[in-house]
*Asks:* 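Following this message is one structure expressed as structure tokens.
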Amino acid sequence: MINERYNARESEPRWQRQWDDHAIFATKNDDPRPKYYVLEMFPYPSGRIHMGHVRNYTMGDVVARTMRARGYNVLHPMGWDAFGMPAENAAMANKVHPKSWTYANIATMKAQLKSMGLSLDWSREFATCDPGYYKHQQRMFVDFLAAGLVERKQSKVNWDPVDNTVLANEQVIDGRGWRSGALVEQRELTQWFFKISKYSDDLLSALDRLDRWPDKVRIMQRNWIGKSEGLRFNFGLVGAPEGFDTLPVFTTRPDTMYGPTFAAISPDHPLAKALAETNPQIAAFNEQCRKMGTSQAEIDTAEKLGFDTGIKAAHPADPSWHLPLYIANFVLMDYGTGAIIGCPAHDQRDLDFARKYGLPVIDVFKPLGSDESVQDTAFVPAKTETVQYVHWVGEPGVMTCEQAMARSLEIFERDGWGQREINFRLRDWGISRQRYWGCPIPVIHCEVCGVVPVPIKDLPVQLPDDIEFDSPGNPLDRHPTWKHVACPQCAGPARRETDTMDTFVDSSWYFSRFTDPWNTEEPTTRAVVDRMMPVDQYIGGVEHAILHLLYSRFFTRAMQATGHVGFDEPFRGMFTQGMVVHETYKTLDGTFASPAEIRILADGDNRQASLLDSGQPVEIGPIEKMSKSKRNTVDPDDIIGSYGADTARWFMLSDSPPDRDVIWSEDGVKGASRFVQRVWRLVSTLAPHLPAPGGKVDAANHPAAQALRVAAHRALSDILGGIDRLRFNTAVAKLYIYVGDLETMLANAPEGLAADPVLAAAAREAVDILVLLIAPMMPHLAEECWSTIGHSGLVSEARWPEIETGLLVSDSITLPVQVNGKKRAEVTVARDAQNPQIEAAVLALDAVKQALDGKPVRKIIIVPQRIVNVVG
RNA sequence: GCGGACGUGGCGGAAUUGGUAGACGCAAGGGACUUAAAAUCCCUCGAUGGCAACGUCGUGCGGGUUCGAUUCCCGCCGUCCGCACCA
């Protein structure tokens, strides 16, 4: 039979229709089988899907389809993280309404996702900007407020004084507003906060239970929460205004209490503010400090600035020891007490500050065996390193910093001028945003009653559609009528909160909502959410390793506290995938060219690029993350249109480990496409010669058939193992090997099967297994093959066979033999051979004798089933 | 600045987590089939010495632990990600 090439363009939509028609991916909440919840981070509807989405959703789909084939009731939903700034930017730039822009994008992207052949339950789809979704989010805000998990307090924002608007950190470029170019200032606003810090300890300790999370993510979260034990004490103040007799300070390094040469407070410290009222110089200095962005990186890298207040801080251990008190721009009001002791010898920031303002430096401890004093580099050893203490609370001595810190705490507590205190770096979560396209915060401000939550029966507080984007700022705030309402308590005149919620709130509970998105009354249905959650495997980018995951963990606890769910951890398994990167191309005039605009000619190892239309040469630049600005993106539609979804999916799984970046290349896609055809050729060649499905195989006395069965079950075991560990690239490699094995064993003589029923039965089993194994990765091709080899149902609904483990062990094994750690030979022994037998066999080898060169054997190390090392 | 990762042939990577370094794929070179091309198939492919058998070196750099280190420890160098209002 002459085989036609596999035509993905014709086949893929056909199978997608079949899946849709039979609704085979619609999950039933009352299915009695064990559940498995696979979720990929839902996309922001930016316009079109990109290759990062293709990679993310392919990985999730492989897991979903694999678990389905193993008999689980798989939940694999999809939705849209639909609120956010880009919609407002588009509204300003192109005069489109954020709502229509967003929903149009969703329609486009949904069609694109559908063309990928993902096994998604679309019946559960929602967008976070649907009032039917944010209604419940507002309800939970009200519940959290009642439960004491929400509060209002002052916090800082980036303020653009020209546009009169709040800027996001990413809108501040080199300290200036991105549109106006004005110097950005810090401004204090009263804002809403979720009290995530209430859960600091729990969020930290529960990380130990998340054993199916990457270690790096858990470490990052641990550091972010930043639990530290330290000393809290008071400086006595000399020369301070009334009411400021003492200054509370927290330090994590009590062992350096005898090394400070200054004290410093934040420009936002109450004392700094009080001083500013009477001292114009201090007011000006504080003002200058506020001309700085609010991001941590900026604060850390900015030049250290200080202002000597003239006030003296008296050391609690020796009140006659006076330190100058500064106001300093690098001291944060949010952490500890907003005041620090400056110990220049052992903190680089303090040292930079001391050098700049001519303050002394006192060495508290020195490296072992050294008498050198700190010069321009602070001495900051690991806390576990042993050093010699020369100037601290006790006698000079040799110990680790940890030991000295513990001892210092004891002494200071005993002497009664300080207490041990646990502090966390984690700050409360500020959720107020002065923007339109977000979930309205459901409270009403009444002059008489104060802050009143919107009654639950009045939810949702819906965004008005009639808004204007012709000037910067929050359109909700300047809407003529929307914010004016009657107070729910006294019915007097009142106004709505015009701030909306951080979009991280939207994405902090969508996974729970997916379990019953049809419930119009409540955010969740307890019986359902408690059974379908937690998410068994969550997959998304590393960039979300801290914030999104931490907020979701907090929000789930808050939902538990308010009775919306019965568990605290939302994600049992977590996986962070790498980015999709691509070469960049620079034209002669310095602009970037897109991959679609250029042609590459390869001459040996030399690659030359030129523009398609003009023939101008193009410089091939470094490989970078796909981005619009570098123009190195590849449109998934183009790839699916020319090669098919299966090829794109296969390529995304090949080669690179999923947690690392993958380089998109035209050659790589071609290789993937070749494999699609190779599988099709193999299966369609064999199809006419295979016996009917469902027969039994007994190949015990048939070496060729037995070899086939061994290959098939080994493939089943290896590939399943690869997918379970999410090592898709190795699973792909094993599939290449398996296809190669089948080609050698079967494809050369398919006619022979007719005369050999045992071999034919084994071949049927082996080909069935091949098709089942490729199905999670290339589902359309698999369906085409499955029907070609005579199955009536869909492979997407087929169960995987049990692995016959008996086929995986052989009677003899081959061990590498080393002499003094270098491989010199191999030896084949019975699987159950005892050590003396192995030693004898090894010492009899010529290569071993030669390598020993007459030296006596000192010992022989035998690692069972692994290796033999002869030490001479 | 702080925190987290990563670094192996021409390229992406594999190595059962301390046990044969380079599986599998891509690129390249040679050959078969073809009038030709495409497609497909076969062979070679870390460096170096040797006609060969085979030997030596080799996992970013420098040290260390071990019978044995890509894997563990210490110190460098380089690249990438996050830093609380991008999502």
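Model, not experiment: these values are computed from the prediction. Per chain, numbering begins at 1; letters A, B, ... match sequence-line order. Below, each value reflects all heavy atoms present in this structure, side chains not excepted, and no hydrogens, waters or symmetry copies.
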*Asks:* Considering only atom C1', compute the distance from B:rC45 to B:rC26 and round it to an integer number of Å.
*Replies:* 13 Å
*Asks:* Which nucleotide wins on minimum distance to the side chain of A:I219, given the candidates B:rG4, B:rA84, B:rU40?
*Replies:*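 The nucleotide sitting nearest to the side chain is B:rG4.
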*Asks:* For the P atoms, the ones on B:rG12 and on B:rC86, what distance do you get once it is rounded to whole angstrom?
*Replies:* 33 Å
*Asks:* Over all strands shown, is A:A545 touching base, sugar-phosphate only, or nothing at heavy-atom distances under 4.0 angstrom?
*Replies:*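 No contact at all - A:A545 keeps every heavy atom at 4.0 Å or more from the nucleic acid.
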*Asks:* Using purine N1 to pyrimidine N3 plus N6-O4 or O6-N4 for Watson-Crick, or N1-O2 and O6-N3 for G-U wobble, each under 3.5 Å, what pairs with B:rG78?
*Replies:* B:rC6
*Asks:* Starting from the 5' end of RNA chain B, give me the residue, A:I861 or A:F83, whose nearest nucleotide shows up first.
*Replies:*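 Looking at the nearest nucleotide for each, A:I861 comes out on the 5' side.
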*Asks:* Return the value, rounded to whole Å, for the distance between atom CD of A:E88 and atom C1' of B:rC86.
*Replies:* 13 Å
*Asks:* Quick one: A:D160 CG to B:rC85 C1', roughly how many Å, whole number?
*Replies:*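 Spelled out: CG on A:D160 to C1' on B:rC85 is 14 Å.
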*Asks:* For A:N169, answer base if it contacts any base atom (sugar-phosphate contacts may also be present), sugar-phosphate if it contacts only those atoms, and nothing otherwise; contact means non-hydrogen atoms under 4.0 Å.
*Replies:*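 Sugar-phosphate contact only.
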*Asks:* Does A:S654 reach a base, just sugar-phosphate, or nothing at all? Heavy atoms under 4.0 Å.
*Replies:* nothing
*Asks:* B:rC85 base to A:Q191 side chain: any donor-acceptor pair below 3.5 Å?
*Replies:* yes
*Asks:* So what does A:Q434 touch, heavy atoms closer than 4.0 Å: a base, only the sugar-phosphate, or nothing?
*Replies:* base
*Asks:* Go through the N and O atoms of the side chain of A:R866 and the base of B:rU16, and report whether any donor-acceptor pair is under 3.5 Å.
*Replies:* yes
*Asks:* Start at the 5' end of RNA chain B and walk down; is the nucleotide closest to A:S665 or to A:L426 reached first?
*Replies:*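 Here A:S665 is the residue nearer the 5' end.
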*Asks:* In whole angstrom, give me the gap between the P atoms of B:rC61 and B:rG10.
*Replies:* 14 Å
*Asks:* From B:rA39, B:rG13, B:rG1, pick the nucleotide closest to the side chain of A:Q296?
*Replies:* B:rG1
*Asks:* Give the ring-plane orientation class for A:F42 versus A:Y510, where under 30° counts as parallel, over 60° as perpendicular and anything between as tilted.
*Replies:*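 Plane angle under 30°, so parallel.
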*Asks:* Who is the Watson-Crick or G-U wobble partner of B:rC41, with both distances under 3.5 Å?
*Replies:* B:rG31
*Asks:* Assign B:rG9 to syn or anti; the rule is syn for a glycosidic angle within 90° of 0 and anti otherwise.
*Replies:* syn
*Asks:* For A:W429, report the nucleic acid contact type (base, sugar-phosphate, nothing); a contact means any heavy atom under 4.0 Å.
*Replies:* nothing
*Asks:* Among B:rA39, B:rC86, B:rC24, which is the nearest nucleotide to the side chain of A:I737?
*Replies:* B:rC24
*Asks:* As a test of understanding, state which of A:N869, A:V870, A:V871 forms a side chain to side chain contact (heavy atoms under 4.5 Å, CB included) with A:N820.
*Replies:* A:V871
*Asks:* For the side chain of A:R727, starting at C-beta, report the closest nucleotide among B:rA15, B:rA87, B:rG1.
*Replies:* B:rA15
*Asks:* Would you say A:R425 has more than 12 foreign heavy atoms packed within less than 6.0 Å of its CZ?
*Replies:*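 Result for CZ/A:R425: enclosed.
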*Asks:* Could you tell me whether the side chain of A:N223 has a donor or acceptor atom within less than 3.5 Å of a complementary atom in the base of B:rG3?
*Replies:*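 Check fails, no donor-acceptor contact within cut-off.
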*Asks:* Just to confirm, is there a sub-4.0 Å distance from OP1 or OP2 of B:rG55 to any side-chain nitrogen or oxygen of A:R824?
*Replies:*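 Indeed, a polar side-chain atom of A:R824 lies that close.
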*Asks:* Whole angstrom is fine here: how far is it from CD in A:E543 over to P in B:rC6?
*Replies:* 17 Å
*Asks:* Name the nucleic acid region contacted by A:V542, choosing base, sugar-phosphate or nothing; use a 4.0 angstrom heavy-atom cut-off, strictly under.
*Replies:* nothing
*Asks:* Atom CZ of A:F728 to atom P of B:rG13: distance rounded to whole Å?
*Replies:* 17 Å
*Asks:* Is A:Q850 atom CD crowded by more than 12 heavy atoms from other residues, nucleotides or ligands, each under 6.0 Å away?
*Replies:* no
*Asks:* Counting the atoms with a prime plus P, OP1 and OP2 as sugar-phosphate, which does A:S432 contact under 4.0 Å by heavy atoms, base, sugar-phosphate, or nothing?
*Replies:*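 Base contact - A:S432 has a heavy atom under 4.0 Å of at least one base atom.
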*Asks:* Only pairs with both distances under 3.5 Å count, Watson-Crick or wobble alike; so what is the partner of B:rA14 in this structure?
*Replies:* none
*Asks:* I want to verify a distance call: between B:rA87, B:rG1, B:rG68, whose nearest atom is closest to the A:D81 side chain?
*Replies:*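 The listed nucleotide nearest to A:D81's side chain is B:rA87.
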*Asks:* Determine the Euclidean distance between corresponding C1' atoms of B:rU20 and B:rG58; express it in Å to zero decimal places.
*Replies:* 15 Å
*Asks:* Which nucleotide sits closest to the side chain of A:T730: B:rA15, B:rG13, B:rC85?
*Replies:*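 Among the listed nucleotides, the one closest to the side chain of A:T730 is B:rA15.
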*Asks:* Write down the distance separating the P atoms in B:rA53 and B:rC67, rounded off to the nearest Å.
*Replies:* 34 Å
*Asks:* Below 30° counts as parallel, above 60° as perpendicular, anything between as tilted: where do the rings of A:F330 and A:F353 land?
*Replies:*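 A:F330 vs A:F353 ring planes: perpendicular.
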*Asks:* Under 4.0 Å, heavy atoms only, any strand: does A:G430 hit a base, just the sugar-phosphate, or nothing?
*Replies:* sugar-phosphate
*Asks:* Could you tell me whether A:D160 and A:R176 make a salt bridge, using a distance below 4.0 angstrom between a side-chain N and a carboxylate O?
*Replies:* no
*Asks:* Hey, are the side chains of A:D661 and A:S656 touching, using non-hydrogen atoms and a 4.5 Å cut-off?
*Replies:*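 A:D661 vs A:S656: side chains apart.
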*Asks:* Per the atom types in the model, does the base of B:rG1 pair as donor or acceptor with the side chain of A:Q348 at under 3.5 Å?
*Replies:* no
*Asks:* When the C1' atoms of B:rA84 and B:rG68 are compared, how many Å lie between them, rounded to an integer?
*Replies:* 48 Å
*Asks:* Describe the nucleic acid contact of A:R222 in one word from base, sugar-phosphate, nothing, applying a heavy-atom distance below 4.0 Å.
*Replies:* nothing
*Asks:* When the P atoms of B:rU59 and B:rA69 are considered, how many whole Å apart are they?
*Replies:*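 One P to the other, the span is 11 Å.
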*Asks:* So A:W650 and A:F675, would you call those rings parallel, tilted or perpendicular, with 30° and 60° as cut-offs?
*Replies:* parallel
*Asks:* Over all strands shown, is A:F504 touching base, sugar-phosphate only, or nothing at heavy-atom distances under 4.0 angstrom?
*Replies:*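 Touches a base.
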*Asks:* Which label fits A:F651 and A:W664: parallel for a plane angle under 30°, tilted from 30 to 60°, or perpendicular past 60°?
*Replies:* perpendicular
*Asks:* A:K216 near the nucleic acid: base, sugar-phosphate alone, or nothing, with a heavy-atom cut-off under 4.0 Å?
*Replies:*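 Sugar-phosphate, no base atom in range.
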*Asks:* Only pairs with both distances under 3.5 Å count, Watson-Crick or wobble alike; so what is the partner of B:rG68 in this structure?
*Replies:* none
*Asks:* If you only use heavy atoms from C-beta on, which nucleotide in B:rG1, B:rC6, B:rU56 is closest to the side chain of A:A297?
*Replies:* B:rG1
*Asks:* Can you check the A:Y44 OH to B:rC85 P distance for me, whole Å?
*Replies:* 17 Å
*Asks:* Which whole number of Å gives the distance between the C1' atom of B:rA15 and that of B:rG9?
*Replies:*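 Going atom to atom, C1' in each nucleotide, I get 15 Å.
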*Asks:* Looking only at the side chain of A:S295 (C-beta and beyond, no hydrogens), which of the listed nucleotides B:rA84, B:rC67, B:rA14 gets closest?
*Replies:*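 Given the options B:rA84, B:rC67, B:rA14, the side chain of A:S295 is closest to B:rA84.
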*Asks:* Please report the distance, rounded to the nearest Å, between CG in A:L682 and C1' in B:rC41.
*Replies:* 15 Å
*Asks:* Which nucleotide in the list B:rU17, B:rA21, B:rC24 gets nearest to the side chain of A:Q818?
*Replies:*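 Of B:rU17, B:rA21, B:rC24, B:rA21 is nearest to the side chain of A:Q818.
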*Asks:* Could you tell me whether A:K670 contacts a base, only the sugar-phosphate backbone, or nothing, with contacts defined as non-hydrogen atoms closer than 4.0 Å?
*Replies:*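 Touches nothing.
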*Asks:* For A:P657, answer base if it contacts any base atom (sugar-phosphate contacts may also be present), sugar-phosphate if it contacts only those atoms, and nothing otherwise; contact means non-hydrogen atoms under 4.0 Å.
*Replies:* sugar-phosphate
*Asks:* Atom CG of A:L549 to atom P of B:rG4: distance rounded to whole Å?
*Replies:*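 In whole Å, B:rG4 P and A:L549 CG are 17 Å from each other.
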*Asks:* With respect to the side chain of A:R674, which nucleotide from B:rU40, B:rG25, B:rA84 is positioned closest?
*Replies:* B:rU40
*Asks:* Angle class for the A:H53/A:Y57 ring planes (parallel below 30°, perpendicular above 60°, tilted otherwise)?
*Replies:* parallel
*Asks:* Atom CG of A:L547 and atom P of B:rG82: how far apart are they, to the nearest Å?
*Replies:* 11 Å
*Asks:* By the 4.0 Å heavy-atom rule, please label A:V817 as base, sugar-phosphate, or nothing.
*Replies:* nothing
